[in-house]
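A quick write-up on the structure given underneath.
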Number of protein chains: 2
Amino acid sequence: MFRTHNCGELNISHIDQNIQLSGWIQKSRDLGGLTFIDLRDRYGITQLIFNIEKDENLCLKARKLGRECVIHIEGIVVERSSKNKKIKTGEIEINVIKLNILNLSKSPPFTIENNTDGGDDLRMKFRYLDLRRPISKNKIIFRSKIVQEIRKFLNSNEFIEIETPVLIKSTPEGARDFIVPSRMNEGQFYALPQSPQTFKQLLMVSGFDKYFQIVKCFRDEDLRADRQPEFTQIDCEMSFVTQDEILNKFENLIKYLFDSILNVKLNDFPRISYEDAMKNYGNDKPDIRFDMKLHEINNLTKNKGFEIFDNSELILGINANECSNYSRKSLDEITNWVKRPQIGASGLIYIKFNTDKSIKSSIDKFFNTSELKKILDYFKAKPGDLILILSGMKNKVRKQMSELRIMMANRMGLIKKNEFAPIWIIDFPLLEWDDESNRFHAMHHPFTSPKQNHIDILSQSPEKVLANAYDLVLNGNEIGGGSIRIHDMNLQKLLFKLLGFSEKEAQNQFGFLMNAFEYGAPPHGGIALGLDRLCALLDGNESIRDYIAFPKNNSGRDIMIDAPSHIDNSQLSELNLKLDI
Amino acid sequence: MFRTHNCGELNISHIDQNIQLSGWIQKSRDLGGLTFIDLRDRYGITQLIFNIEKDENLCLKARKLGRECVIHIEGIVVERSSKNKKIKTGEIEINVIKLNILNLSKSPPFTIENNTDGGDDLRMKFRYLDLRRPISKNKIIFRSKIVQEIRKFLNSNEFIEIETPVLIKSTPEGARDFIVPSRMNEGQFYALPQSPQTFKQLLMVSGFDKYFQIVKCFRDEDLRADRQPEFTQIDCEMSFVTQDEILNKFENLIKYLFDSILNVKLNDFPRISYEDAMKNYGNDKPDIRFDMKLHEINNLTKNKGFEIFDNSELILGINANECSNYSRKSLDEITNWVKRPQIGASGLIYIKFNTDKSIKSSIDKFFNTSELKKILDYFKAKPGDLILILSGMKNKVRKQMSELRIMMANRMGLIKKNEFAPIWIIDFPLLEWDDESNRFHAMHHPFTSPKQNHIDILSQSPEKVLANAYDLVLNGNEIGGGSIRIHDMNLQKLLFKLLGFSEKEAQNQFGFLMNAFEYGAPPHGGIALGLDRLCALLDGNESIRDYIAFPKNNSGRDIMIDAPSHIDNSQLSELNLKLDI
């Protein structure tokens, strides 16, 4: 036996008991004839005492042990004279009578403390040590709690957990697949799923009614910061449901999670259309923890002789409340910020509504005070406010303004870490035109259904068709999305055609699904939530990497195990493959 | 809205209520002016009535609908005149007032009933329809319940669920890996995990103390019947535990499952050594639902002038109770059965202890009655018993006898489907010699620790070393296995050396683990249970395929989606690969 208790549970009620503990040496200090060791395990820290007068050999043995050594001790629980209220075991300490060294430790490459001296690369290489730091360990435990609560909610709502296959078929639509050569089927390949989409739809055809799975998905994309080639999805599907029923169900899931994990009660989530999101926030994942909506001011700004506005498709402004006192320097900073290539604006216009009600603007030359006042009024500006204006091509200026809005909110301290503002974005367009490939792409995916009353115009005006699609957005991050799916074979065929699939390609890649639709497919829809990000956001963070036990870096490498790696030629030749480098 | 209730919940308490249901037409029949439809969903079946006198159009519309059409109806709950006690909704029926056809169905390729007319291939191709059959659907739901209970037990026992990566590194030891080419790391490959073994050990080094995961694993093996290239493992690991503590914990898990799922209380599981299992049952996964142990009778049978015995390394017998009345024909059948190439025995010897106490044997010529009686006594044979004897090389004859034992038990009706006899096999050898590769292989895996008191002889007599390894066997099937792991770097290095790894190979493949052992690795051990088989066995079946929503066939193909498949050359060239066929 290695222990009778763990390092987090002993207290005043255990006094005089003979106990055994095992764990790691967090730190050790010698004070006169006493040696104190803080012994750590997952559950906490317990203070051990070795008394040189009572047992010299034992005490000397203990003194030789460095940090992170693993030991097993037997001892007697005694009351501390000076109690430590900060830790659970702070009322007691252990007079050690036996010491068994289970394993030694080299000096770790960084300190095992929340504030470590280890850089990112070093901590990732020694991830097993990084995970000893409470701040890292707690994030993984936090994730496991979330997963437990998600399952609790879904199970009690009659969702059945079903595993779908990982070795599936490559379907080039969408992101790039990871592929897996098949040895037994020469020249053929499996693909790893980007999502279990078609399988969960087939489960609805089977009549499972409510399905969920917490499942690894895979995308071979060039990794942007904070993207992982493998990620975990909370994947759900329901039959015989309307869009509102799905939204309500998963809104309840999120409310339940916030309540059970954080003890935070969320209000009903606003639901706004994609069109409104783009108009008011310039993007489809708005952070609504603060207002500062985008306002189109074309009518108030065009044809006043200011060429830049006159040549712009869209002129957008935001009202930065109580920022009229921004100095020239500050405004230059902001201007430089929007002109950076990452944002790409050509310049920034401001109108200051000073506290003395005077107006100062960078376009004084073209706009008189009354014209400027009209703009201020349109923004409902109060003395002390600052209007910031960008102009240009509609899509670009929206994106730029949306970035500026977030930057300003950060600068103004409007973004509070522990405030949570979820919102549903609905009524997405079904398709979006892609200039590069010169064809329509599915805005969500090819299985998303168009609005019932838009089906008639699908062939004539596909660009106008809205979809039964929705995204769940939290604090400016998309945490999930879904749709009511197509369950009619002919409609699905039409969609594939609009997306540029030949009939043969559609049949080859998705024939099984379309065939299934011919045998009594029920109306169905669902959602997929990104677990990694959900964990990060619930914990008040944005980076997902810390919530993954063994994450990969931006090149898709696991630097701890050094993967991917070269393999034996024999492995390749068994698969009938040759490197072509 | 598609429904106010499901098809399994309406009863006498709902009478006169206006309700809505959606589901599939299970069957339909016309009786005079009435049309009856059985409407099915996941939850049950509800009887609908259309009355031609009340609403002719509605009734005629209903009459046109075939099996498996999907409909949505509104109606009034009424009491049935002739109640059907067999189904939950058998007290009521629905007078339909509105009928909305949601989807039509072609005639299914097989009947959607437990006793279907569809063959295996057809059902697999149309798995989404196969899963509509209650017998198929219930197996998937059964699995989901088991998974729920497993998590409940492990969560309440302080195990933390942690996801380990799927894209890892190829390690040729053991079975063949599936590999995944990396596009971003030219010429390099990930592998899919055969198990999360090294990661769960690293989690122990991190101090997570108790880990579990229900996780997909992958093996690119030539598939024997009832093996899948992807399978699901209940993967667990604990720190600071003895072998007995692990066995107790997971014995409790299995007891909990049987109790909560089947309401079956299991007794404590016997624990026998590998050596005893081989001696008494001829294999390391004995079915102990019945006795009929193997007895070595070399001493009683050698040097009696019977050359076959004299030339045999091992002479084994079993006592088939109350089978002395077997006819010549039956004995010939059994003899032919053991002589089949799959078993490979050269012949079968019998000794009949007839009910009249006379003895009849196929070796009468070489053994007198008293010698035969001695053998009978050794088996504690009673009048009416039949002794069956095989002889030959030790390993072969054990295997043959172990097969014969099972065959006889089946023939004698000793194997009861709903009887459960779990057993732990312990004290496995650490290594086994492989003639083909002319080196030792790890009997479990290279991370298994030798018995503490055998470490000294590891270098000198590796073949004699026993391991802290254990298998859990249920009704003759291995459902799991595990070990106390090595946590000492030098011991791990020695093991790799004994297994024929060069120091460079060991460092290259498992350097990260051995490095981790230098930073305070705790003693740890664990187990992995095969979920697919556990589900099948708990449900009284042996075939795992039915408990997998979308299984693959014996060539590793998913014949529903037709995977694996050919991919575009562009996909291959992005990965710097060429087919070499």
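Letters go in sequence order (proteins before strands), and every chain restarts at 1. The analysis underlying the following values was restricted to heavy atoms, covering all of them including side chains, and did not include hydrogens, waters or symmetry mates. As the structure is a computational prediction, the values presented were derived from the model and not from experiment.
- Contact annotation for B:D244: neither backbone nor side-chain heavy atoms come within less than 4.5 Å of a heavy atom of chain A.
- Both the backbone and the side chain of A:N515 come within less than 4.5 Å of a heavy atom in chain B.
- With a threshold of 4.5 angstrom between heavy atoms, B:F126 approaches chain A through side-chain atoms but not through N, CA, C or O.
- Of the two parts of A:K216, only the side chain, counted from C-beta on, holds a non-hydrogen atom closer than 4.5 Å to a non-hydrogen atom of chain B.
- For B:M204, the part sitting under 4.5 Å from any heavy atom of chain A is the backbone (N, CA, C, O) and nothing else.
- Neither the backbone nor the side chain of B:S570 comes within contact range of chain A; no heavy atoms are under 4.5 Å apart.
- Both the backbone and the side chain of B:P165 come within less than 4.5 Å of a heavy atom in chain A.
- With a 4.5 angstrom heavy-atom cutoff, B:I112 does not touch chain A via any of its atoms.
- Contacts between B:I162 and chain A at a heavy-atom distance below 4.5 Å involve the side chain alone, from C-beta outward.
- Note on A:A549, A:S206, A:S136: by heavy-atom pairs under 4.5 Å with chain B, the leading option is A:S206.
- Interface residue A:R3: only side-chain heavy atoms are found under 4.5 Å from chain B.
- Of the two parts of A:V180, the backbone and the side chain both hold a non-hydrogen atom closer than 4.5 Å to a non-hydrogen atom of chain B.
- Contacts between B:I146 and chain A at a heavy-atom distance below 4.5 Å are absent for every atom of the residue.
- Only the backbone of B:S239 comes within contact range of chain A, with at least one heavy atom under 4.5 Å from a heavy atom of that chain.
- A salt bridge (charged side-chain N to carboxylate O under 4.0 Å, His left out) with B:E161 is found for exactly one of A:R143, A:R151, A:K145, namely A:R151.
- Interface remark: B:E186 contributes backbone and side-chain atoms alike to the contact with chain A (heavy atom separation under 4.5 Å).
- Within the 4.5 angstrom heavy-atom criterion, only side-chain atoms of A:L572, from C-beta onward, approach chain B.
- Both the backbone and the side chain of B:D220 come within less than 4.5 Å of a heavy atom in chain A.
- When the side chain to side chain donor-acceptor pair (under 3.5 Å) test is applied to B:R127, the partners found at least two apart in sequence or on another chain are B:D130.
- The pair A:R176-B:E574 counts as a salt bridge, with a side-chain nitrogen and a carboxylate oxygen less than 4.0 angstrom apart.
- With a threshold of 4.5 angstrom between heavy atoms, B:V241 approaches chain A through N, CA, C or O but not through any side-chain atom.
- Judged purely by atom type and a 3.5 angstrom limit, B:N155 has no side-chain atom pairing as donor or acceptor with the backbone of A:Q148.
- Between B:V166 and A:E230, the closest heavy-atom pair is N-OE1, 2.8 Å.
- With a 4.5 angstrom heavy-atom cutoff, B:S182 touches chain A only via side-chain atoms.
- Contacts between B:K210 and chain A at a heavy-atom distance below 4.5 Å involve backbone atoms as well as side-chain atoms.
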